[in-house]
Amino acid sequence: MNWLLTLLLLPAIGAVVVALLPKDKIDMAKQVALGFSVATLVLVIAMALQFDAESTEPFQFVTSTPWIRSFGVSFSLGVDGIALVLIALAAVLVPVVILAGWNEADHSDAPTKGYFALMLLLEACMIGVFAAVDVFLFYVFFEVMLIPMYFMIGRYGGARRSYAAVKFLIVSLFGGLFMLASLIGLYVVAQREIGAGTFDFLTLTQLNMDDTTQRMLFLGFFFAFAVKAPLWPFHTWLPDAATEAQPGSAVLLVGVLDKVGTFGMLRYCLPLFPEASQFYTPIIIVISIIGIIYGALLAIGQTDIKRLIAYTSISHFGFITLGIFAMTSQGQSGSTLYMINHGFSTAALFLVAGFLMSRRGSKLVEDYGGVYKVAPLLAGFFLIAGLSSLALPGMSSFVSEFLVLVGTFVRYPIAAVIATTGIILAALYVLWLYQRTMTGPVKPGCEDVKDLTGREIVAVSPLVVLILALGVFPAPALNVINPAVDRTMVAVGVMDPSVGVGAGCDLADGCRAEGEGQ
Amino acid sequence: MTTDHYIVLSAVLFSLGAFGMLFRRNAIVVFMCVELMLNASNLAFVAFARMHGNLEGQVFAFFTMVVAAAEVVVGLAIIVAIFRTRRSASVDEPSLLRF
Amino acid sequence: MNGVVETFASPEIRYGLVAPLLIVLGGGVLGVLLEAFLPRGSRRTAQLVLVGVVLVAAFVAVVRLAGTNDLAAEGTIAVDGPALFMQGSILLVAMVSALLMAERQVDPAGDAFAPQASALPGSADEKAFTQRGWLQTEIWPLFLFSVGGMMMFTSANDLLTMFVALEVMSLPLYLMAGMARRRRLLSQEAAMKYFLLGAYSSGFFVFGAAMLYGFSGTITFPGIVESMAADPGNNGLLIAATGLLFVALLFKVGAVPFHQWTPDVYQGAPTPATAFMAAGVKIAAVGALLRLSYVALGGLRWDWRPLMWAVAIATMLVGAIVALTQTDIKRMLAYSAIANAGFMLIGVLATNQAGLSGTMFYLLAYGFSTLGAFAIVTLVRDPAGEATKLSQWAGLGKTSPLIAGAMAILLLAFAGIPLTSGFTSKFAVFQAGIAGGATPVVIVGVIASAIAAFFYVRVIVLMFFTERAEDAPAVVVPSSLTAVAIGVTVAVTVILGVLPQSVLDLADKASTFIR
Amino acid sequence: MGTSLLASATPTITYAPPEGVFTYLWLLIALPLLGAVFLLVMGNRTNAWGHYLATILPIGSFVLAVVMWLGLLAKPSEERGVIQHLWDWVIVGDFRANVGLQMDQLSMTFVLLITGVGSLIHIYSIGYMKDDPKRRLFFAYLNLFVAAMLLLVLADNYLLLYVGWEGVGLASYLLIGFWQYKPTAAAAAKKAFVVNRVGDFGLSVGIMLIFVTFGSVTFPDVFAQVGEADQSSLTWMEGPTPVSALIHAATMVTAGVYLIVRSNVIFDAAPTAQLLVVIVGAVTLIFGAIIGTAKDEIKKVLAGSTMSQIGYMILAAGLGPIGYVFAIFHLVNHGFFKANMFLGAGSVMHSFNNQEDMRRFGAIRTVMVITFVTFAAGWLAIMGVPPFSGFYSKDKIIEAALAQGWIPGLAAMIGAGITAFYMTRLFTMTFLGKARWTDDVHPHESPSVMTIPLIILGLLSAVSGFVLAWNGMIEKWLEPVTGFEHPEPPIPIPLISGITLVLVIVGALLAYQQYRRDVPVTAPTSVSPLTVAARKDLYGDAFNEAVFMRPGQYLTRALVWFDNRSIDGSLLAMGSATAGLSAAKLRKWQTGFSRSYAMSMLAGAFALFAIMLVVRL
């Protein structure tokens, strides 16, 4: 059985089926969409069970067919541990979002079925982008993915949806085009070095580029990923897009789509351009730290709930990049785990906030108060999601955040210490939001806020379970992530600094890697 | 008289045509400027044909004349149609299409 | 006159090799005869049959010639890979254009062309003609001549043939541009501008040809190459010739700063004609440009590449930036055509085989996409005719999701989104550009693509995300002609994006000029 | 500081995998955790009986703990260490942290205290929360608190300890903010959590340092290597860990003390850190005491007192092997008497419709006899009146402090005097003197479900010190884990006890004299600046407000502006500049006049020539 191809096609077929349903069969469209997404999830779980964490192969479930021979492009799919967990993230979130966003598209003047068809289409693209092991194919999915999201925001979003959708698309395309330029450059380098141009990832990692070329090409890729992720200062599209999108779209946007950026840095920037990655590391670390603090401070200053959540993500993305460019196994495994944990916790936060906002009809923090009193379950879920967002120990996000910090600390102690202040700010923005919206006397207008319905609880509960389960027992994820990260480290040519007695670590300089400086 | 003289003359004629196109408003005159450019080319062709001692230049000149004639047919048709509509042969008049 | 040839050897035409040209041009002549001798009532049918047969037959002839690499008609016509590929492309877009031109269901008054171009706009005559249901059938011979000219343009192997082909291609188009049934003032204006500026550019071409002839003593490309090889020195004639010839060809291509006719003509001409010239002329002109610059002036590439850099950069940027603020869809598509011409020039200035094949692929892909876009423009109508104001397109996606969806796919292709032909083409030329050492131009190309994406996206926003306007036009249900045309173009756009390999192979194989 | 000097004072315990009853170590935590999860998940269905379940579970843990205690007693004192590996937790590269539990004398002490006192609080709460519609939630949070606390003291590595640590923080957050409809409660809860997080910052950095320095975060691994560690890296470590411990101590009662005592090996090797701990301990005990003297709300006085008493413990913990045992000893005693007094205060407030203002109390001794008597036991214990429990532990701390130096010793002694003052003030204002009740209250003794825990705690307050100090029991018990050295104060021990007792009696008498008479029902305003400062928590909040909150608000506001205007703005400006270029310049180039187009072409032709000529040059 060709796992990845099936996985790619299943939601795509689902999208077509949903799109072909009659316009008035709204419930059926939703059910079919849910069915396809659940089937995809089942398939992903089955595949994950077949995944061999101990394997020495860089990629598993590999399938490859020549696609555009003239450009050396093949339709090659395959997963390593990093890709696997991200695919799983997407596969979990889509059914959750469909169920949680059951009525999100009902009040739009565009057909409801379209929303769900787009969502499935997006899922196919997301699986493709993580499963691609051909750089060109990756780029194709990277760009195509924008289109369903663009329509999801633009057709089904809030009042300023078209502004937000256009901003999202243009900024992302702009970033992507620079990647395209680098991609072509890479191809030309390959052409010169091995005679025939190719986009095969593993072949490309073997290239010997001179430093200047590497740095130029790295910048193209990194810019695209930085815009996508988004890193400070390329982040301004995200608050608009996430605010105007329906909560479900926002979840997929921030939870999965943006992960492609950080995934790309880890999977492509580092192994393809090892020297350049290390060359730019100091700058990127600084950017990440600014992002962490900046995002958190801006989240504190927001008056719009969704915007606030969006800014928290900017802070979180800072952590993820920090971990990736710390160039330690803890940092990179932590970042990978952070990607999925952030997916779950932000999803929970957006969805519960969405439930709340759909009841009261306002996005402003100041319109809420005392919701705890009238809708305790909603408030409870909101609190759990918030606590996950602030990386409460015991929840999965803590494991990843701590790994990122400790992984950074061994190399860049000062950076790690500054980044750690982010946890204080996180407590501030989460709890202050909770305090303002959920506690205190019931604000006028909030008296009629109903508590969560059964469907909503069913939708969000898996996230809560995952957040807690992975916090207590992250081994299933870490076991598959670690080997992939180790391979990345080997590709970059870095090793974990040795720690412990006699390692000569210093708060100002960090620990020196074994064999460094030779 | 060397070939150069002919070429210089031809260049002058061509320039007259090329610049005339910019300065004249009447469509017919503008068109005649274009014809002047073509004829300047013909002069150059013929002069070069003599210089090189082959016939290709002369043949080209003939073809240019034929083509110029065809252009006149088409051009005049268009100009006349416009004149009938607008009662003016100014090339500046039809400027609805812009920006 | 001392070198006069004394004996006259009968020229060897090699009819088999020029069969496609002969079929099309012969069809044109036959079409004129049909106009002359057939009664008005049966002309349309006869012409349509003729055009159909001619185009198909010519295409078959082109296919049969595939793989040929030879000269015909005493070396004046090159029958090589690029020529055949582009002739085939021209015939294909001509077929689709013919479908659009034959459409008479979208406009209640008839087809897109004035019943009598000579009738005064708004006159009693015109009304009478309209009421009688007269249809313009003279466009068909014109169309065939133009197609023949285009085909010849791409295969001309000497300056004279190239010039004649240029005129055979252009003159019918000048006329067709002025024959719109509605908005005739605009149409006539377009015709006049096109004609005057086209003739002006022809002047440059002929003078450039004269200079080149003066330099090399011959007008055949092999002869020119030879003389250039013999005399690599500084020569004013050569520089003048190169500049002047490029002016003419870049004019036809629609490159900045020779582009200004494009928006006006595209907007004013009857839309099916616009579609035809947007697709066909682009292929023919770029084809000729490729042959001239690669074959005849190949030895001078270090001289003309810098100017091509400048032109390409200016073309991409101006096209993309000016399109941003357009309010008329046809004009916007015209600026998009300019920007795309700039992208194609990257393939030209790459001066490598990848550049040649990439450009040829681009031409074919772009030809179909642009045809499709203009075809859709013909369907969006209000009582005054086509509703080309962009603001009128608001909310189209809600009333006609199918048409709007098709348009969206085409626009995404123009924007270069992967899985559309636009992406494959851009990739092909960008790749050739970088391989050819033109990285800066490619980077500008990337930026221009980003800017360009903005206005394509803007149309999508209008169609899908905006409330329907008060004076919203209706989407007319077309006859199967336009429907097929749109279907084919959208399908080609998608197929060349998803599975482009076979066409790329074809372009690759065809990418060697005979020298 | 070399290792040889500490030879007698270092831990000697060894750890082994669990056997027998110790294989159920995990159950200690699992029981209350189960209660919390069950009550939260099952929701309103458990409203009727959930609190009983929630009470039984910690009692179960307590029983299990007692069994284990007996098991420990059966072993030789050096072999009382047990480590149970449950499962691999976070393992990446060199970083390994397991979910593993560690039981030894120190943990056992805490476990007994937590489950024992915790169970009593549960029982008491059955009565106290009787009428609250969300009683089930309250019990769930209590269970969570107990579970987290147990995890904190049973974890075998720093990272897992962190989980317990934060779990306690979360439970405190939930409990402080239990009456969320009160904005003050919600704000206080948030503040407590955020302050915790400041502590977390330190703890996080501390753990990272420990990992980098020792290559491990598991207690036995780390402690085994302290002697070999580089002095410079230990110096770095001195900052964050104590700071975080101290910050936590302020809100989470005992976790900070536990952390310091648990990390005794590291602290012993880091004298600067110890000095810092001593200073902070001394300052805290004085500050807490001063705040306690000025508050009128009964719980706030007790809170100030808690701060002060923790100061004692911290001070003791900072003294090294001479103090660790006494820190824990005092912690246990404090656990009894402070729980006693908090519950007693709750009992009073319960019958006063949740009023807290002591100026509205008075003369309660007659109507709430049991509360009065048990509270009196706590009062005497905290003042350190022999033979009540506080006497034994506090005196030891003062001795040890004096052994360290005059300043900490004097601070501890003066603190004792102030403690006597404010506790007597509280006691007098509440239970003695005349009734100053508002009209709507009808005080009455609490139900037996509340008084029985009070009685037990009262008894413990009275006797625990005496019992545990008997024959140096507590020192012997803890020594294998913490190490122990006898303090050698510069003056004789009876003299120290005597001076302290005199200070206590003076403080108590002063307070009694002042407050046994009429107390104005509103607080007097013309008071000394010190009182004003104390009433405002010595300007702690004002300081926060001025240094962090206000500038923070300005900063975020400025950044929001910056983000919208500058970053986003420049993006938009670039966009509109391009569009402007399009509209204003390039578009106008398209004049509509053929002749101008021709001119462009001609100019273009010249440009082409120019480029070619330039290139040729």
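All heavy atoms count here, side chains included; hydrogens, waters and symmetry mates do not. A, B, ... follow the sequence lines: proteins, then strands. Residue 1 opens every chain. No experiment lies behind these values; they were computed from the predicted model shown.
Of the possible donor and acceptor atoms, none in the side chain of C:S187 sits under 3.5 Å from a partner among the backbone N and O of C:A269. Remark: side-chain polar atoms of C:S216 are paired, donor with acceptor, to backbone N or O of C:L212 under 3.5 angstrom. Distance alone, capped at 3.5 Å, is enough to place a donor-acceptor pair between the C:E189 side chain and the B:L97 backbone.
The contact between C:F195 and chain B is made entirely by side chain atoms (from C-beta outward), counting heavy-atom distances below 4.5 Å. Proximity to chain B (any heavy atom under 4.5 Å) is shown, for C:Y194, by neither the backbone nor the side chain. Within the 4.5 angstrom heavy-atom criterion, only side-chain atoms of C:Q326, from C-beta onward, approach chain B. Only the side chain of B:F14 has a heavy atom closer than 4.5 Å to any heavy atom of chain C. When heavy atoms are compared at a cutoff of 4.5 Å, C:F207 approaches chain B by way of both its backbone and its side chain. For C:A177, no part sits under 4.5 Å from any heavy atom of chain B, backbone or side chain. Proximity to chain B is absent for every atom of C:A240, based on heavy atoms less than 4.5 angstrom apart. B:A18 touches chain C through backbone and side chain together, each having a heavy atom under 4.5 Å away. Contacts of B:V91 with chain C are made by both backbone and side-chain atoms, with heavy-atom separations under 4.5 Å. Interface remark: C:L237 contributes side-chain atoms only to the contact with chain B (heavy atom separation under 4.5 Å). Residue contact with chain B, scored on non-hydrogen atoms closer than 4.5 Å, involves the side chain of C:R331 exclusively. Proximity to chain B (any heavy atom under 4.5 Å) is shown, for C:Q188, by both the backbone and the side chain. Residue contact with chain C, scored on non-hydrogen atoms closer than 4.5 Å, is absent for B:A61.
Within 6.0 Å of the CZ atom in B:R86, the count of heavy atoms belonging to other residues, nucleotides or ligands exceeds 12. Around the CD atom of C:E226, the shell of radius 6.0 Å holds no more than 12 heavy atoms that belong to other residues, nucleotides or ligands. Environment of CZ in C:F129: crowded, with over 12 heavy atoms of neighbouring residues, nucleotides or ligands closer than 6.0 Å.
Chosen from C:V168, C:T220, C:L196, the residue pairing most often with chain B at heavy-atom distances under 4.5 Å is C:L196. In terms of non-hydrogen atom pairs under 4.5 Å with chain B, the most contact-rich of C:G217, C:A117, C:G203, C:P263 is C:G217. Comparing B:A70, B:G17, B:A49 by heavy-atom pairs within less than 4.5 Å of chain C, the highest count is held by B:A49.
Counting heavy atoms from C-beta on, the side chains of C:F455 and C:M332 come closer than 4.5 Å. Using a 4.5 Å heavy-atom threshold, the side chains of C:K389 and C:T327 count as separate.
There is no side-chain donor-acceptor pair under 3.5 Å between C:Y213 and C:D158.
Salt bridge absent: B:R25 and B:E93 never bring a charged side-chain N and a carboxylate O closer than 4.0 Å.
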